[in-house]
Chemist: 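Got a structure for you, written out below as structure tokens; questions coming shortly.
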There are 2 protein chains.
Amino acid sequence: MLSLEAIADTALRLLDEHGLEAMTMRRLAEGLGCSQSSLYRHVRSRDELTIIVADQAIRLGMRPPPPGLDWRSEAEWLARAFRAFLLDHPSVALLLRGTERLGPNSLQGVEVSVDRFIGAGLSPRHAAAAAGALATLIIGSVQFNLYLDATDPGEQQARRALYERLDPHTHPRMVQHATDIAGVGSDEEFEFGLRMLLDGIAVAVRSATDPLER
Amino acid sequence: MLSLEAIADTALRLLDEHGLEAMTMRRLAEGLGCSQSSLYRHVRSRDELTIIVADQAIRLGMRPPPPGLDWRSEAEWLARAFRAFLLDHPSVALLLRGTERLGPNSLQGVEVSVDRFIGAGLSPRHAAAAAGALATLIIGSVQFNLYLDATDPGEQQARRALYERLDPHTHPRMVQHATDIAGVGSDEEFEFGLRMLLDGIAVAVRSATDPLER
DNA sequence: ACCTGAACACCGTTCAAGT
DNA sequence: ACCTGAACACCGTTCAAGT
């Protein structure tokens with residue numbers, strides 16, 4: 001017997017095992033042992049399905065952080081946990097386009113983020129903006145590095161070679177610092193971006209909570 | 001007579017006028033007055049085409065900033081200019097997945113960003129990471145808000161209504177601050193994120209250039 | 001050597017026809 | 001009332017056949 005949950009589960013399995021292009025209505029029906037047309041009884045369209053699957057994935061990717069952390073450590077913990085989940089399920093990252101923003105689990109994520117930033121001392125508007133910027137950084141950093149594995153020395157080497165072969169007149173920095181730049185993987189980029197963003201938020205928190213500023 | 005440039009131009013036109021789903025090999029061939037198969041003479045696959053188009057779009061989106069700006073003002077200028085370009089060509093944002101990273105124009109963008117951050121005082125590794133984080137924020141902020149126009153009062157109102165109707169037990173902040181949170185559009189989110197990120201980078205710049213730290 | 005019509009193996013979606 | 005086979009209107013890609 002067909003249910004929305006069963007459809008979402010099978011879709012996630014197809015995604016993980018065979019990638020985004022395998023998440024078709026035909027293969028979904030085959031995996032569930034029903035006809036393609038039956039799927040449309042539970043889902044308006046493939047687009048709607050991807051929104052449901054994305055929201056479901058967000059539920060799976062959100063893990064409660066250990067208690068007792070300050071706002072910054074907790075933000076780091078949540079950000080790293082969700083990023084790790086996406087790295088484990090790379091095709092899921094391709095589904096996250098903002099369209100799933102209003103799903104129940106996404107809303108739960110916004111609630112948690114906004115609550116913590118308000119707790120830290122930000123205004124509701126700033127808290128919402130900070131939560132959005134953080135989510136953008138997490139999801140974007142996975143999405144924009146999906147097919148680049150900088151930990152693979154072969155790929156790193158290939159990038160370095162490409163940079164070194166550029167015209168030193170038009171790309172002096174790339175040529176000069178080819179090894180350094182090629183060596184910056186998505187982990188390092190993410191951790192640096194996270195630190196910068198949270199440093200900036202810390203500045204905002206201080207100026208919001210500093211009695212001299214009020 | 002068919003050329004890669006003509007193909008990329010027509011693809012961009014299709015994207016702008018009719019969206020991503022219109023960028024098909026068939027419609028491309030029709031627009032160019034050639035057969036579908038001819039396209040494969042210039043392009044290995046549709047995937048390769050999207051990479052070429054993405055890189056071409058990056059060229060169009062990069063405008064030289066006015067001279068004389070300090071590193072931070074220049075970063076803001078470049079970020080806003082590229083974001084404005086993407087908002088003008090929303091479907092282009094859907095193409096940017098990191099796969100285009102090694103195209104000639106993307107490499108030019110990395111060169112410029114890295115050069116400025118090194119000029120500000122960051123190490124090459126940090127400069128590369130900062131450039132990557134900034135690009136992620138710009139592109140992600142457009143991508144994750146593509147179908148949400150928060151300046152549209154109807155949509156803002158709908159979001160507020162949705163937040164207000166949530167269970168106050170599980171979503172206290174969303175209910176309590178529904179108006180505030182619904183009112184934060186992608187512009188505000190982007191500007192806040194940009195400020196936070198650059199504040200954080202400013203901290204790194206100070207600690208890298210401060211003689212006491214060396 | 002260059003080009004392409006037609007075909008192949010897929011898609012998402014619909015709907016008349018079945019039970 | 002519920003389900004689905006078959007069809008429709010598309011895809012990307014290939015390749016034998018033409019010039």
Side-chain angles (χ1 to χ4, degrees), chain A residues 1-57 90-92 94-100 103 146-147, chain B residues 1-57 90-92 94-100 103 146-147:
Chain A
M1 84 149 220
L2 209 51
S3 71
L4 193 57
E5 205 176 323
I7 294 176
D9 285 351
T10 305
L12 262 176
R13 191 168 50 73
L14 282 175
L15 268 182
D16 282 340
E17 290 176 7
H18 303 103
L20 179 57
E21 76 279 8
M23 200 184 85
T24 72
M25 303 306 268
R26 273 167 173 80
R27 294 178 72 156
L28 215 43
E30 192 189 0
L32 289 158
C34 70
S35 75
Q36 303 165 45
S37 1
S38 312
L39 298 173
Y40 288 90
R41 210 151 268 291
H42 300 83
V43 148
R44 205 181 305 273
S45 68
R46 187 178 184 277
D47 266 14
E48 192 184 279
L49 175 67
T50 64
I51 293 175
I52 290 165
V53 173
D55 189 70
Q56 168 80 350
S91 300
V92 168
L94 295 174
L95 260 43
L96 302 177
R97 313 199 145 290
T99 38
E100 73 287 351
L146 215 47
Y147 308 107
Chain B
M1 80 149 226
L2 208 51
S3 71
L4 193 57
E5 204 177 322
I7 294 177
D9 285 352
T10 306
L12 263 175
R13 192 169 48 73
L14 282 175
L15 268 182
D16 282 340
E17 289 176 8
H18 302 102
L20 179 57
E21 76 279 10
M23 200 184 84
T24 73
M25 303 305 268
R26 273 166 173 80
R27 294 179 71 157
L28 215 43
E30 192 190 357
L32 289 157
C34 71
S35 74
Q36 302 165 46
S37 4
S38 312
L39 298 173
Y40 289 89
R41 210 152 270 291
H42 300 83
V43 148
R44 203 181 308 274
S45 68
R46 188 179 185 276
D47 265 15
E48 192 184 280
L49 175 67
T50 64
I51 293 175
I52 290 165
V53 172
D55 189 69
Q56 168 80 351
S91 300
V92 168
L94 295 174
L95 260 44
L96 302 177
R97 316 198 144 290
T99 38
E100 73 286 351
L146 214 48
Y147 307 109

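Everything numeric in this text was worked out from a predicted model, so none of it was measured. These numbers come from the heavy atoms of this one structure, side chains and all, not from hydrogens, waters or symmetry mates. In the text below, chain A, chain B and the rest are named by the order of the sequence lines, each starting its count at 1.
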Chemist: Below 4.0 angstrom from OP1 or OP2 of D:dG5, is there any side-chain N or O of A:Ser35?
Modeler: no
Chemist: Taking atom P of D:dT4 as reference, at what distance in whole Å does atom CG of A:Leu28 sit?
Modeler: 14 Å
Chemist: Decide yes or no on side-chain contact (heavy atoms from CB on, under 4.5 Å) for A:Leu32 and A:Leu39, but give the supporting numbers first.
Modeler: CA-CA 10 Å; A:Leu32 289 158; A:Leu39 298 173; 3.9 Å; yes
Chemist: When the nearest nucleotide of DNA chain C is assigned to B:Ser38 and to A:Met23 on a heavy-atom basis, which residue is associated with the more 5' position?
Modeler: B:Ser38
Chemist: When all nucleic acid strands are considered with a 4.0 Å heavy-atom cut-off, which category describes B:Ser37: base, sugar-phosphate, or nothing?
Modeler: base
Chemist: In terms of the nearest nucleotide of DNA chain D, which residue is placed more toward the 5' end: B:Arg44 or A:Arg26?
Modeler: A:Arg26
Chemist: Are more than 12 heavy atoms, taken from residues, nucleotides or ligands other than B:Glu48, located less than 6.0 Å from that residue's CD atom?
Modeler: yes
Chemist: Please report, rounded to the nearest Å, how far the C1' atom of D:dC10 is from the CD atom of B:Glu30.
Modeler: 13 Å
Chemist: OG/A:Ser38 to CD1/A:Ile7 distance, rounded to the nearest 0.5 angstrom?
Modeler: 8.5 Å
Chemist: Return the OG1 to CG distance between A:Thr99 and A:Asp55, rounded to the nearest 0.5 Å.
Modeler: 10.5 Å
Chemist: To the nearest angstrom, how far is B:Met25 atom CE from C:dC11 atom P?
Modeler: 19 Å
Chemist: Is there a side-chain contact between B:Leu12 and B:Val92, using heavy atoms and a 4.5 Å cut-off?
Modeler: yes
Chemist: For a quick test of reading the model: is some side-chain N or O of A:Arg46 closer than 4.0 Å to OP1 or OP2 of C:dC11?
Modeler: no
Chemist: If I take atom OG1 from residue B:Thr10 and atom CD from residue B:Glu30, how far apart are they, to the nearest 0.5 angstrom?
Modeler: 11.5 Å
Chemist: Starting at CD of A:Glu21 and ending at C1' of D:dT13, how long is that distance when rounded to a whole Å?
Modeler: 15 Å
Chemist: Using heavy atoms to find the nearest nucleotide of DNA chain D for A:Gln36 and A:His42 separately, return the residue whose nucleotide is more 5′.
Modeler: A:His42
Chemist: Should stems be defined as at least three consecutive Watson-Crick or G-U pairs with both distances under 3.5 angstrom, which of them involve DNA chain D?
Modeler: C:4-8 with D:12-16, C:12-16 with D:4-8
Chemist: If you look at every heavy atom in B:Arg46 and B:Leu20, which pair is closest and at what distance?
Modeler: NH2-O, 3.8 Å
Chemist: Find the distance A:Leu49:CG to C:dT13:C1' and express it as a whole number of Å.
Modeler: 14 Å
Chemist: Starting the side chain at C-beta, find the nucleotide from D:dT14, C:dG12, C:dT4 nearest to A:Tyr40.
Modeler: C:dG12
Chemist: By the 4.0 Å heavy-atom rule, please label A:Arg27 as base, sugar-phosphate, or nothing.
Modeler: sugar-phosphate
